[in-house]
Amino acid sequence: MSSLNLFRKVALAEGVSYIVLLFIAMPLKYWADMPLAVKYVGWAHGLLFVLYIACLVMAWQERKWSFGRVIVLFIASLLPFVPFYVEKKLKEEESIAN
């Protein structure tokens with residue numbers, strides 16, 4: 001499996017975990033008094049975020065991306081829904097390369 005393919009998959013999982021954290025776990029914590037939702041989903045999201053950064057560095061080295069592109073991909077991980085766009089664009093890039 002290429003680092004780009006792995007990065008795509010991690011970006012998708014990280015994006016899903018972020019959405020679940022923001023729109024399910026956080027409301028459960030504050031509106032339903034269920035703080036454990038944030039604890040466990042937050043832990044999973046944190047792990048996926050670290051994996052996202054590690055895979056980003058691996059893909060950067062393998063694909064020889066510019067520093068600017070890496071910064072944009074890093075910032076994309078901080079914004080809800082943007083990792084889904086990143087995954088789509090990387091999938092298109094991967095299909096062109098193969």
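All values below were derived from every heavy atom in this structure, side-chain atoms included, with hydrogens, water molecules and symmetry-related copies excluded.
How far CD1 of Ile53 is from CE of Met58: 12.5 Å, rounded to the nearest 0.5 Å. Note that the SG atom of Cys55 and the CD atom of Glu62 stand 11.0 Å from one another [nearest 0.5 Å]. One distance of note links CG of Leu4 with CD of Glu93; it measures 5.5 Å at 0.5 Å rounding. Interatomic distance, CG of Leu48 versus OG of Ser77, reported as 11.5 Å (0.5 Å rounding). If you take NZ on Lys64 and CZ on Arg69, they are separated by 14.0 Å, rounding to the nearest 0.5 Å. Distance check, rounded to the nearest 0.5 Å: NE2 of His45 to CG of Leu21 gives 6.0 Å.
Heavy atoms only, all atoms of each residue included: Val38 and Ala25 are closest at CG2-O, 3.4 Å. For the pair Pro83 and Ala11, the tightest heavy-atom approach, listed with the atom from each and the gap, is CB-O, 3.5 Å. Between Ala59 and Ser3, the shortest heavy-atom distance links the atoms CA-OG, 3.4 Å. In terms of heavy-atom proximity, Leu22 sits nearest to Pro27 at O-CD, 3.4 Å.
If you chain together hydrophobic residues whose side chains sit under 4.5 Å apart, Val86 and Phe81 never meet in one group. Criterion: ILVMFWY side-chain heavy atoms under 4.5 Å apart, direct or through other members. Under it, Tyr30 and Leu36 are not part of a common hydrophobic cluster. Placement of Val10 and Phe74 within a single hydrophobic cluster is found when ILVMFWY residues are connected by side-chain heavy-atom separations under 4.5 Å, directly or transitively. Under the 4.5 Å side-chain contact rule for hydrophobic residues, Ile19 and Trp31 share a cluster. Hydrophobic cluster membership differs between Leu12 and Val82, with clusters built from Ile, Leu, Val, Met, Phe, Trp and Tyr side chains linked at under 4.5 angstrom.
Using a 4.5 Å heavy-atom cutoff, the side chains of Trp65 and Val72 are not in contact. With a 4.5 Å cut-off on side-chain heavy atoms, Lys29 and Met34 do not count as touching. Side-chain atoms of Leu73 and Trp60, non-hydrogen and from C-beta on, never get closer than 4.5 Å to each other. At least one side-chain heavy atom of Ile75 sits less than 4.5 Å from a side-chain heavy atom of Ile71. Counting only heavy atoms from C-beta outward, the side chains of Leu51 and Glu14 never approach each other to under 4.5 Å.
The aromatic rings of Tyr52 and Phe49 lie parallel to each other, their planes meeting at an angle below 30°, with 60° marking the opposite boundary.
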Practice item. Could you check Glu92 against Lys89 for salt bridge (Lys or Arg N to Asp or Glu O under 4.0 Å), going step by step and ending with a plain yes or no? Key: CA-CA 5 Å; Glu92 291 170 3; Lys89 287 298 183 185; 3.5 Å; yes
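Side chain of Tyr18 to main chain of Leu79: no donor-acceptor pair is present (N/O by atom type, distance under 3.5 Å, no hydrogens or angles).
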